[in-house]
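Okay, so here's the structure we're looking at.
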Amino acid sequence: MFKVIKRLLLLIVILGLASTAVVYGVLSLSLPALDGNGRSNAVVEPVKISRDALGQAVINANSRNDVAYGLGYAHGQDRFFQMDLLRRNAAGELSELFGEAALGLDKKMRFHQLRKRSQIILQTLPETDKQLLKSYAQGVNEGLAQVGYSSFEYLLTGAPQKPWQSEDSLLVIFSMYLDLQSATFERDQALIQIEQAYTKQMVDFLTQPSKYQAALDGSKLAPYSGGIPTLPTQTQHTVKSIEANQERGSNNWAVTGALTKTGAGMVSDDMHLSMAVPAIWYRAQLNYIQNGKPAQVTGVSLPGAPAIVVGTNNNIAWGFTNGYLDTADWIALNDDSKTWQVDEPIALPDGEVENYSLLLSEYGPVKYINEKPYALSWAAHQPYAVNMQLLKLEQAKTVDDALAVASDVGIPVQNLIVVDSQGNAAWKNMGGIPARKTPSELGVNADDYSVLWQQNELQRPFIKNPKSGRLWTGNSRVVSAEDNARFGNGGYALGARSSQIRDRLFEKQTFAESDFYALQLDNQARFLMPWHALLLKQLKADQTKNQQYITALENWQQCACSTSIGYTLVKRYRDEVINILFSNIESQLNQQQGTLKYVKRDLEPAVWQLINNKPDTWINPQFKSWDAQLHGAFNQTITKLTEQFGNNVQSWQWGKVNELVIEHPFAKQMPLLAKLLNMPTAAGFGDSYMPAVQGRSFGASQRFIAQPGHLEHAILAIPGGQSGHPLSEFYRAGFSDYVEGKHTPLLPQTLIHQIVISPVK
């Protein structure tokens, strides 16, 4: 019997090894070749595609079009499936890959008709841009063809790899609109529903300006003075957890040369996005000849597009944060409003087609909000939404050159911060901004619709070389209080993060790259200090019962540090107070297919006004008093932490509760592949409302610091490798440096691979 068991175990081991060998064998077939020579009729002169130990793509060519081909070739080799997801997501075409499970998402995206818009915009582009996109697409397709075998994602889904088209690059830019701006019109919808269910006073109360204001001119918005609205009689029900919308945002800041030893300006940029495998950004350096002179630009590209998004040409260096100007309005249709219906066919894997009926109007696509028709006017739907003007930053010599380009660039509106080697630093909004003059967070009557929606706003405020020598943005209001009335609030961040960055910048008089990197990693919990004081006072009312929690709070380190238990308690307590206070409003909105999710980050001032004034109508029916309500929030905090992480408080350390988990899209569906596909987990470091933004799968998608003219110390760290292939030497390259906060060089290091593509003679 023992021998039989032993043989069975041996057989299982052999079969396991054999299956592993098969998996690795199949995967190895789709590894791209990184060395060799090839020919193409898509290039005019030879193109070199080199890679260093991180897999950073270094492209050398004699023209911008040939460089675009080379970048496309590298993207096609390393990131085609990611690119495919980006274009399909924007176009509402994921169901062809994933079947009916993706139909809901596809219908949500088809509402915007972005495939059709990309096709129309492509035809209006200058011929030079069309040729650039064509060269890039040819590079993508030939890089993909070089691989020879479909990647494992296509083998698993059974879907074909469709060739890249020029319009797909425009769809990739549209995908960033969806990531960065959709919360603007979702927030407006929630505010419309709140006004209808309650009053305009409630809208104003919930969205009142916070004390955390960090506009560059120091201006403050007038404080709310409308009083606390009476909440209608509440019904008792299970307290709802109000989900927080991920803050698609970023940090960037800069100093002029007066505050650096080199005399050059210095910029820092870390863009906050969802994290997955592969990482969203792709390291690249482009080298080419422009007007008879060599040009070099180094930074991060977005696979699917032929540009460096954030980076430097050694004359200037630039970075972005999401602008959050109001770029969307819901137009309330009336009986005279003309509407018509179109069918959007959505392909499924088996060749079947699901028709999605979409109602359109002259103002935009139509959605019913509380049974009333509203049309969405959004910057992304306008002709100026997308173009190739971002490429002009590559040729800018000074911040003035960059500022001159900003108003013409077709991307989601961003806070551009740019510095130059001469020591200048400047800020300006870059991207599509509707020229209509009166933005609204609530519905706009159709009779008040402005035809200026069809035009891009060219007159924009900017700041160059402020007296302090410092600039900062962090997704909160940057413009003056006066300009705020013109450009509106598209869902600004609260301002706590921007305020902390501003304050840190004024703590020093001279800066180097290491100082900026330390600020990127600043996880001091300034924002939560009032919550810490409130909770500690509450718990000390019964010291015997709460001693272990009091000890944790007294040793919380005042930071989102990995070993802090107290930080976890304070953060979760705040969440539960918000859930209890606003649960009935959330329930009311849920009945109308709405949510406070997109308004949650506005609530901080209202929460404290309620806590300090304790109005009776805001006591949740589960509790008899305000004290009971606040105690109930902490009890719920403990209950949830125990359910999620067990009753050992050591397992409630922030590094475990907020553990960084970066996963491949297929890992959850196929857990056996998780170890192969995912990045290693890492202890959580950072949170919201502080410069070091980090969630479980969200945070700084890159960390970039540069002084143009002095790039030998420039930094670029990314939470993942260059290649999307799990057997590639570059799949995880750079990830450990990112987690450990090392100063990963921006510039390519020793080149170890090279492909040369020559023209067909």
Side-chain angles (χ1 to χ4, degrees), residues 176 179-180 216 247-256 260 264-273 275 279-284 297-302 307-314 316-324 390 393-394 396 399 402 406 409 411-420 425-431 470-476 478 493 497-498 500-502 504-505 511-522 686 690-694 699-708 710-711 713-719 738 741 743-747:
M176 299 310 293
D179 250 9
L180 300 175
L216 288 175
E247 191 172 298
R248 299 295 199 279
S250 311
N251 299 324
N252 66 1
W253 59 84
V255 295
T256 64
T260 66
M266 183 162 62
V267 67
S268 171
D269 186 80
D270 53 289
M271 297 179 282
H272 307 152
L273 296 166
M275 294 183 179
I280 187 169
W281 305 114
Y282 185 89
R283 305 171 64 104
V297 58
T298 311
V300 293
S301 61
L302 178 62
I308 297 297
V309 178
V310 164
T312 177
N313 62 10
N314 212 21
I316 68 166
W318 69 91
F320 297 116
T321 69
N322 201 18
Y324 282 110
L390 182 64
L393 283 184
E394 295 179 9
V399 297
V409 175
I411 58 173
V413 65
Q414 302 289 293
N415 291 305
L416 166 71
I417 283 191
V418 57
V419 299
D420 63 31
W427 159 84
K428 191 175 185 178
N429 282 125
M430 174 179 279
R470 299 163 174 86
L471 293 166
W472 59 88
T473 81
N475 311 122
S476 59
V478 178
R497 178 161 40 90
S498 298
Q500 191 162 329
I501 291 169
R502 176 200 61 201
R504 291 294 198 198
L505 288 174
F511 296 89
E513 286 84 355
S514 58
D515 299 308
F516 273 21
Y517 205 97
L519 180 46
Q520 287 187 353
L521 300 179
D522 178 16
M690 58 184 60
V693 169
Q694 189 234 298
S701 60
Q702 44 67 254
R703 298 182 185 132
F704 170 68
I705 303 168
Q707 295 186 67
H710 306 274
L711 299 183
H713 300 299
I715 296 168
L716 178 60
I718 294 177
Y738 174 91
H743 292 195
T744 310
L746 164 74
L747 294 178

### Query
Between the side chain of N429 and the main-chain N/O of V413, is any donor-acceptor distance below 3.5 Å?
no
## Note on the structure
side chain to side chain contact (heavy atoms under 4.5 Å, CB included) filter on T321, not counting sequence neighbours, yields S250, N252, N415, T473, N475
### Task
Measure the CD1-CG distance between I501 and L471 for me, rounded to the nearest 0.5 Å.
12.5 Å
### Task
Mind checking the CD1-CZ spacing from I411 to F320? Nearest 0.5 Å is all I need.
4.5 Å
### Task
List the atom of G265, the atom of P708, and the distance in Å for their closest heavy-atom pair.
O-CD, 3.4 Å
### Task
Could I get the full list of side-chain hydrogen bond (donor to acceptor under 3.5 Å, both in side chains) partners for E513, not counting sequence neighbours?
Q707
### Query
If you take all heavy atoms of G299 and I308, which pair is closest and at what distance?
CA-CG2, 3.9 Å
### Summary
Heavy-atom closest pair (A396 atom, A402 atom, distance to 0.1 Å) is CB-N, 4.1 Å
### Task
Using side-chain hydrogen bond (donor to acceptor under 3.5 Å, both in side chains) as the criterion, list what pairs up with D269, not counting sequence neighbours.
none
### Query
Under 3.5 Å, is there a donor-acceptor pair between the side chain of Q702 and the main chain of M271?
yes
### Query
Among all residues two or more places apart in sequence or in another chain, which pass the side chain to side chain contact (heavy atoms under 4.5 Å, CB included) test with A717?
Y517, R703, Y738, T744
### Query
Nearest 0.5 Å, what's the CG-OG1 distance between L393 and T312?
11.0 Å
### Task
Check whether any side-chain N or O of R283 sits under 3.5 Å from a backbone N or O of L716 as a donor-acceptor pair, and report yes or no.
yes
### Summary
Heavy-atom closest pair (V267 atom, G319 atom, distance to 0.1 Å) is CG2-N, 4.5 Å
### Non-neighbouring partners of W281 that pass side-chain hydrogen bond (donor to acceptor under 3.5 Å, both in side chains), sequence neighbours left out
S701
### Query
Which atom pair, heavy atoms only, marks the closest approach of L521 to G741?
CD1-CA, 4.3 Å
### Task
Would you name the heavy atoms of L505 and R470 that are closest together and state the gap between them?
O-NE, 2.7 Å
### Message
Just to verify, what does R504 make a side-chain hydrogen bond (donor to acceptor under 3.5 Å, both in side chains) with, not counting sequence neighbours?
### Response
E507, D522, Q524
### Message
Using 0.5 Å steps for rounding, measure from the CD1 atom of I715 to the CZ atom of F516.
### Response
10.5 Å
#### Entry: Counterpart residues, side chain to side chain contact (heavy atoms under 4.5 Å, CB included), relative to A512 (two or more places apart)
S514, D515
### Query
Any sub-3.5 Å donor-acceptor pair from S301's side-chain atoms to Y282's backbone N or O?
yes
### Task
Please name all residues satisfying ring pair (Phe, Tyr, Trp, His ring centres under 6.0 Å) with F704, sequence neighbours left out, ordered by chain then number.
none
### Query
Just by distance, with hydrogens left out, do N322 and Q414 show a side-chain donor and acceptor under 3.5 Å apart?
yes
### Message
Going by the rule side chain to side chain contact (heavy atoms under 4.5 Å, CB included), which residues pair with A307 if we only count those two or more places apart in sequence or in a different chain?
### Response
L390, L391
### Query
Rounded to the nearest 0.5 Å, how far does NE2 of H713 lie from NE2 of H743?
11.5 Å
### Message
Looking at N251, is its backbone amide N or carbonyl O close enough to the side chain of W472 to form a donor-acceptor pair, meaning the two atoms are under 3.5 Å apart?
### Response
no
### Message
Nearest 0.5 Å, please: how far is CG in N314 from CG in L711?
### Response
4.0 Å
